[in-house]
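See below for the structure under consideration.
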Amino acid sequence: MSAVRTRLALYLDLIRWNRPAGWLLLLWPTLSALWIAAGGFPGWRLLTVFVLGTILMRSAGCCVNDVADREFDRHVKRTAQRPVTTGAVSVREALTLAAVLAAAAFGLVLLTNALTIAWSVAALAITLIYPFAKRYVAMPQAVLGVAFSFGIPMAFAAVTNEVPVLAAWLLLGNWCWVLAYDTEYAMVDRDDDLKLGMKTSAITLGRFDVAAVLGFYLALVLVWGLALGDQGYGVPLGAALALVLVQVAWHAQMIRGRTRDGCFRAFRLNHWIGLTLFAGIVIDLLLRK
């Protein structure tokens with residue numbers, strides 16, 4: 001029995017179960033899109049499908065990412081003790097777990113409609129591509145931004161059976177947000193990544209990294225503000241966007257010194273930005289009733 005518990009602990013570590021920031025970053029914009037598409041509460045079935053599906057796919061992505069990066073991770077201080085990197089979990093085990101998790105997520109998507117299923121297949125493809133983008137793309141965070149934004153069109157597809165232009169604008173704004181927080185994340189490992197020859201936005205942007213991060217955050221506020229303002233969202237959303245700007249100012253203080261601790265802390269606190277936007281949207285919709 002102790003062996004089973006040990007194995008389970010390793011698998012939970014592999015999928016970052018004790019570090020929920022990753023799936024929260026996926027969840028908040030997806031929930032925002034669900035509420036916007038439905039004009040309010042989307043129903044328990046869709047809520048369950050998207051919450052569980054988000055957690056499952058994020059977990060599967062962690063498995064694939066760790067397999068792809070296992071040779072690099074051993075040379076990076078922050079990732080050297082990951083289960084696949086140390087050999088505590090084999091490549092075959094990690095990929096099997098990823099397949100099981102992805103299959104479970106796909107099973108949930110089957111409860112929606114054909115359009116959502118089609119978008120989910122595209123989302124899976126990008127999830128599988130991202131871990132290898134770091135070898136070839138100057139800013140692989142741009143690829144991750146697409147992968148981490150696919151919950152938005154999927155939410156609209158599930159609720160309305162179509163993906164309107166509004167979804168594209170929300171995806172664009174969310175893509176900018178991913179560029180912001182994943183650049184902060186990349187700033188943590190910049191020294192190690194330079195030695196390994198990895199490509200990241202933190203390296204590509206160089207001394208303009210902090211300014212770019214702040215610009216990406218402002219783009220999120222601008223795009224979502226204009227897109228939702230055009231849909232009749234008012235004071236509650238405006239207040240949420242103002243609170244996001246306050247958080248952005250806080251992030252500027254945390255990352256301006258480019259320290260590992262400061263940048264990592266900034267990254268981990270990003271889910272509060274997503275929660276703030278979601279809360280503003282929910283309150284705005286409730287006040288219309």
Item checked: Set of side chain to side chain contact (heavy atoms under 4.5 Å, CB included) partners for L95, sequence neighbours left out -> V67, V91
Notebook entry, point to check: Going from CZ on F267 to OG1 on T183, what distance comes out if it is rounded to the nearest 0.5 angstrom?
Noted result: 11.0 Å
Margin query: Same cluster or not: F106 versus L111, using hydrophobic residues (I, L, V, M, F, W, Y) connected whenever any side-chain heavy atoms lie under 4.5 Å apart?
Written below: yes
Check: Where do M154 and F50 come nearest, in terms of heavy atoms and distance?
Finding: O-CZ, 3.5 Å
Item checked: Distance-minimising heavy-atom pair for P29 and I152 -> O-CG1, 3.9 Å
Note to self: Nearest 0.5 Å, please: how far is CG in L171 from CH2 in W169?
What the structure shows: 11.5 Å
Notebook entry, point to check: Transitively linked via ILVMFWY side-chain contacts under 4.5 Å: W44 with L285?
Noted result: yes
Notebook entry, point to check: Do N174 and L170 have side chains that get closer than 4.5 Å, going by heavy atoms?
Noted result: no
Notebook entry, point to check: D66: what forms a side chain to side chain donor-acceptor pair (under 3.5 Å) with it, not counting sequence neighbours?
Noted result: R16, R82
Check: Partners of R265 by salt bridge (charged side-chain N to carboxylate O under 4.0 Å, His left out), sequence neighbours excluded?
Finding: none
Note to self: Within the supplied structure, the quantity of interest is the number of heavy atoms (other residues, nucleotides, ligands) at a distance under 6.0 Å from Q81 CD; does it exceed 12?
What the structure shows: no
Margin query: Could you measure the distance from the CE atom of M187 to the OG1 atom of T259? Nearest 0.5 Å is fine.
Written below: 8.5 Å
Check: Side chains of V213 and H251: closer than 4.5 Å at any heavy-atom pair?
Finding: no
Note to self: Tell me whether the count of non-hydrogen atoms from other residues, nucleotides or ligands lying under 6.0 Å of CG in D261 goes above 12.
What the structure shows: no
Check: With the threshold set at 4.0 Å, does a side-chain nitrogen-carboxylate oxygen contact exist between R19 and D13?
Finding: yes
Margin query: Tell me the closest heavy-atom pair linking R260 and D192, and the distance in Å.
Written below: NH2-OD2, 3.3 Å
Note to self: Show the nearest heavy-atom pair for residues A212 and L205, with the distance to one decimal.
What the structure shows: CB-CD1, 3.6 Å
Notebook entry, point to check: In Å, rounded to the nearest 0.5 Å, how long is the span from CG of N113 to CD of E162?
Noted result: 11.0 Å
Check: Which pairs count as ring pair (Phe, Tyr, Trp, His ring centres under 6.0 Å) when at least one residue sits in residues 7-35, sequence neighbours excluded?
Finding: W28-F278, W35-F41, W35-F278
Notebook entry, point to check: Are D209 and T204 side-chain neighbours, meaning at least one heavy-atom pair lies under 4.5 Å?
Noted result: no
Notebook entry, point to check: Just wondering, do V51 and L31 contact through their side chains at under 4.5 Å, heavy atoms?
Noted result: yes
Notebook entry, point to check: Mind checking what makes side chain to side chain contact (heavy atoms under 4.5 Å, CB included) contact with T276, not counting sequence neighbours?
Noted result: A240, L243, V244, Q247
Item checked: Connected hydrophobic set around V64, excluding itself, where side chains approach under 4.5 Å -> M57, L124, L128
Next item on the list: Would you check if T200 and Y185 make a side-chain contact, meaning some heavy-atom pair closer than 4.5 Å?
Entry: no
Notebook entry, point to check: If two hydrophobic side chains count as joined below 4.5 Å and joins carry through other members, does I15 share a cluster with V100?
Noted result: no
Item checked: T160 side-chain N/O to A157 backbone N/O, donor-acceptor pair under 3.5 Å -> no
Margin query: For A142, give me all partners under side chain to side chain contact (heavy atoms under 4.5 Å, CB included), at least two apart in sequence or on another chain.
Written below: W175, L179
Next item on the list: Grab the two heavy atoms, one from L101 and one from A60, that are nearest each other, plus how far apart they are.
Entry: CD1-N, 3.8 Å
Item checked: Pairing residues for Y130 by the side chain to side chain donor-acceptor pair (under 3.5 Å) criterion, not counting sequence neighbours -> none
Note to self: Set out, in order, the CA-CA distance, both residues' side-chain angles and the distance that settles side-chain contact (heavy atoms from CB on, under 4.5 Å) for W119 and V109, then state yes or no.
What the structure shows: CA-CA 10 Å; W119 277 94; V109 175; over 6 Å; no
Item checked: Test log, rule side-chain contact (heavy atoms from CB on, under 4.5 Å), inputs F148 and D182 -> CA-CA 11 Å; F148 267 41; D182 209 51; over 6 Å; no
Next item on the list: Sorted by first residue and then second, give each side-chain hydrogen bond (donor to acceptor under 3.5 Å, both in side chains) pair with at least one member in residues 47-59; sequence neighbours left out.
Entry: none
Checklist line | Same cluster (ILVMFWY, side-chain, under 4.5 Å), L222 and V248 | finding: no
Notebook entry, point to check: Do the side chains of I281 and W272 join up, straight or via other hydrophobic residues, at under 4.5 Å, putting them in one cluster?
Noted result: yes
Notebook entry, point to check: In Å, rounded to the nearest 0.5 Å, how long is the span from CG of L287 to CG of L237?
Noted result: 12.0 Å
Next item on the list: Let me see the working for L144 and I126 under side-chain contact (heavy atoms from CB on, under 4.5 Å), right down to the final yes or no.
Entry: CA-CA 8 Å; L144 182 70; I126 295 175; over 6 Å; no
Notebook entry, point to check: Would you say the side chain of I36 lies within less than 4.5 Å of the side chain of Y233, judging by non-hydrogen atoms?
Noted result: yes
Next item on the list: Applying side chain to side chain contact (heavy atoms under 4.5 Å, CB included), name anything that partners L194, two or more places apart in sequence or on another chain.
Entry: R190, I203
Next item on the list: Linking directly or through intermediates, with side-chain heavy atoms under 4.5 Å: list the remaining ILVMFWY members grouped with I129, chain and number order.
Entry: none
Check: Could you state the interatomic distance from CG (L110) to CD1 (I117), rounded to the nearest 0.5 Å?
Finding: 5.0 Å
Check: Step by step, would you call N270 with W177 a side-chain contact (heavy atoms from CB on, under 4.5 Å)?
Finding: CA-CA 9 Å; N270 259 278; W177 181 37; 2.9 Å; yes
Next item on the list: Considering non-hydrogen atoms only, spot the tightest contact between V163 and A167 and give its length.
Entry: CG1-CB, 3.7 Å
Notebook entry, point to check: Given side chains that start at C-beta, do those of N18 and L12 come closer than 4.5 Å, heavy atoms only?
Noted result: no
Notebook entry, point to check: Can you find a heavy atom in the side chain of Y181 that is under 4.5 Å from one in the side chain of I273?
Noted result: no
Next item on the list: Please list, chain by chain and in numerical order, all residues satisfying salt bridge (charged side-chain N to carboxylate O under 4.0 Å, His left out) with R256, sequence neighbours excluded.
Entry: none
